[in-house]
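To start, the structure under review is shown below, and the notes come after it.
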2 protein chains.
Amino acid sequence: MLQDAPTLTDVARLAGVSEITVSRVVRNKGPISRSTRERVQAAIEKLGYVPNRAAGALASAGAPLIGVLLPSLSNIVFPEVLRGIHTALASTGYQPLIGVTDYDPVKEQEILSSLLAWQPAAIITTGFEHTDASRRMLSSSKIRVAELMDTDAEPIDIAVGLSHRRAGFDTGRHLISRNYRRFGYVGHDWNADHRARLRYEGLRAALDEAGLELKAEERFDGPSSTMAGRETLAALLSRKPDLDVVVFSNDDMAVGGFFHCLSANIRVGQTLGLFGFNGLDIGQALPLPLSTIRSNRFAIGRIAVEKLLETGQRPAEKLIVDTGYEIIAGATA
Amino acid sequence: MLQDAPTLTDVARLAGVSEITVSRVVRNKGPISRSTRERVQAAIEKLGYVPNRAAGALASAGAPLIGVLLPSLSNIVFPEVLRGIHTALASTGYQPLIGVTDYDPVKEQEILSSLLAWQPAAIITTGFEHTDASRRMLSSSKIRVAELMDTDAEPIDIAVGLSHRRAGFDTGRHLISRNYRRFGYVGHDWNADHRARLRYEGLRAALDEAGLELKAEERFDGPSSTMAGRETLAALLSRKPDLDVVVFSNDDMAVGGFFHCLSANIRVGQTLGLFGFNGLDIGQALPLPLSTIRSNRFAIGRIAVEKLLETGQRPAEKLIVDTGYEIIAGATA
DNA sequence: CTGTTAGCGCCTTCAT
DNA sequence: ATGAAGGCGCTAACAG
């Protein structure tokens, strides 16, 4: 801590006012005459006073913090959500307190309880998969809660995201309309990534509707990565070489698939179509821009914060904000 | 906040002991008899008691928080450092409080002061470029401070990172030993990214020592990205086609350069060598693994936390931990 | 527009 | 091994 950090009392004494007056100036709250405000501000600067947030939080039963629970920092998607959160928070005086759950609801519960111990103004979490205890903590508290990424279930308070099922469905529809018929799928571990599974199911539904089927699928047993995409596509094609398009669980995997095609001399977009999900920059910088779906990750984070801070009280109505998605036609499918 | 959250008092009453006894059980501190501990723990579970951290922080003049200042979340390097920090923190009871500075020392200073307001146990920040005011806040407080990424200057307390100047120098040496002579350089904005500039200077020094020079260089005016690397290499080669190797400010840029070569039918590793910095997964998943240097970003975050928590007091001696780097020979240079 | 009073929930210090 | 008293720095609620 700061050594001998000055307190409200010190400032008040120097400015010749009471503590509460300084407090009001600091928080910019309540009516203060121009002259006292200036006197107080001078004293604050002179002493280099910085309010003690712990004291403030205790006295007002609430901290200017937003608890943020992310499943992972390895998947670039979540740093981007976090960037959106940070951007929206920048001018508000709130700060994010971050926890990483490793896609584990039990770990989420532990971290949640330690975040709640700070009496944050709101909690931002990911998806709808929580333990009963987490759900209870969140419901019995009255703080605002945003569940991000997904809109395919009923939120506790606010949901911000997109329908992954529909995104998968539209992927299928889009590719069918481009005359692809022999579909393959390359995925990663979806016990962890529930939303990848929803997209897969949407894809299957679209194929079904058109009387088509997945000719082959292969799932890497681990998190998504470029290397995993590369190796898993290789494995898929060695089993089933005559596919005309492969849908990947996300762009990381698809970019890896693209690299495999380069190595194996497969003409992407002609012999074989490739389709991703997310619309990452890397995919669009490829020699052939990746065909994919843009999920609006930055917007998800930003909008979540905006909605959460609109009202301190949880409204009667649950709110679902669909941030949508767009198909990026690209050149790989 | 939790509605009617139970307090120490409630637990104490239920367990038939005094508050301080409960406090001791919760913090696992001081002598407690087996039987009272169990009685108290039962009461805690029964009530679902969660300690109020704000009150704890106020009473003990210090919060179980680590302030973390990162320049950016867009550059994958920093989420990886953060991952290391999180991993090391996981079992300690400390939580990270994160601020993003956008490479702006003034913004850093503002965020620093608001982090310090929580009385954190330590501050982790990036590089050595701080405002005088920041430096004063950090010095006059007695809390531990780690400055990450870099070891090319004197730290306030602890530095954890690598010498970017030497990394640049070794890049030059390595490429010269592989008989490259006609060097080009593709960079990004180094007003923001000071360390990219150090690597550049190291490279120049190595060339100098060998009686060589940079035949051409081009810097993108903005942050590094795959697309920037792609376009900037194209620009460089259109001006100066007869280079035999190009060094990039980092892997993102180099991967973009690789993509340009694919599009322009330049045979990488034969007609033209490419060299990056960081050792990102994406570079190693390319059809030709990228020649680059592995910086140990995860380790930097992890070690910083370990060292910071070793002692609460700042030791007399400043500590510099060199996490080193390795040349990844790769296949592109 | 400014001040007084009374805690917020916990921990430190000292006693027993 | 346990407890009593007091205060950390701030703010809510009310007065004036």
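Below, read A as the first sequence line, B as the second, and so on, with proteins coming before strands; counting in each chain starts at 1. Everything numeric here is computed off the predicted structure, so don't read it as measured data.
Side-chain N/O atoms of A:Thr126 and A:Glu147 include no donor and acceptor closer than 3.5 Å. Between the side chains of A:Glu108 and A:Thr125, at least one donor N or O sits under 3.5 Å from an acceptor N or O. Remark: the B:Asn296 side chain and the B:Arg302 side chain contain no N/O donor-acceptor pair separated by less than 3.5 Å.
The interatomic distance linking B:Trp118 (CH2) with D:dC10 (P) rounds to 13 Å, in whole Å. For the pair B:Ile20 CD1 and C:dA15 C1', the computed distance is 13 Å after rounding to whole Å. Here the P atom of nucleotide C:dC10 and the CD atom of B:Gln119 are 18 Å apart, to the nearest Å. Rounded to a whole Å, the CZ atom of A:Arg53 is 17 Å from the C1' atom of D:dC8. Counting to the nearest Å, the P atom of D:dG7 and the CG atom of A:Leu58 are 16 Å from each other. Summarising the geometry, the separation between CG on A:Asn52 and C1' on D:dC10 is reported as 8 Å, rounded to the nearest angstrom. As a whole-Å value, the separation of A:Arg13 CZ from C:dG3 P is 15 Å. C:dT12 atom P lies 14 Å from atom CD of B:Glu19, rounded to whole Å.
Looking at B:Asp10 and B:Arg13, a side-chain N of the basic residue comes within less than 4.0 Å of a carboxylate O on the acidic one, giving a salt bridge. Salt bridge B:Glu110/B:Lys107: absent, no basic N to carboxylate O contact under 4.0 Å.
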Start with the C-alpha distance between B:Ser23 and B:Arg27, add both sets of side-chain angles, then the distance that settles side chain to side chain donor-acceptor pair (under 3.5 Å), and finish with yes or no. CA-CA 6 Å; B:Ser23 173; B:Arg27 286 174 301 146; 2.9 Å; yes
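Look at B:Ser23 and you won't find any side-chain N or O under 4.0 angstrom from OP1 or OP2 of C:dC10. Taking 4.0 angstrom as the limit, B:Thr21 places none of its side-chain polar atoms (N or O) nearer than this to OP1 or OP2 of D:dT2. Here B:Thr7 does not reach the OP1 or OP2 of C:dG9: none of its side-chain N or O atoms lies under 4.0 Å away.
Scanning residues 27-40 of chain B for heavy-atom distances under 4.0 Å to DNA chain C yields B:Arg27.
Side-chain atoms of B:Arg24 and base atoms of D:dG3 include a donor and an acceptor less than 3.5 Å apart.
Residues A:Arg195 and A:Met149 have side chains in contact (heavy-atom distance under 4.5 Å, counting atoms from C-beta outward).
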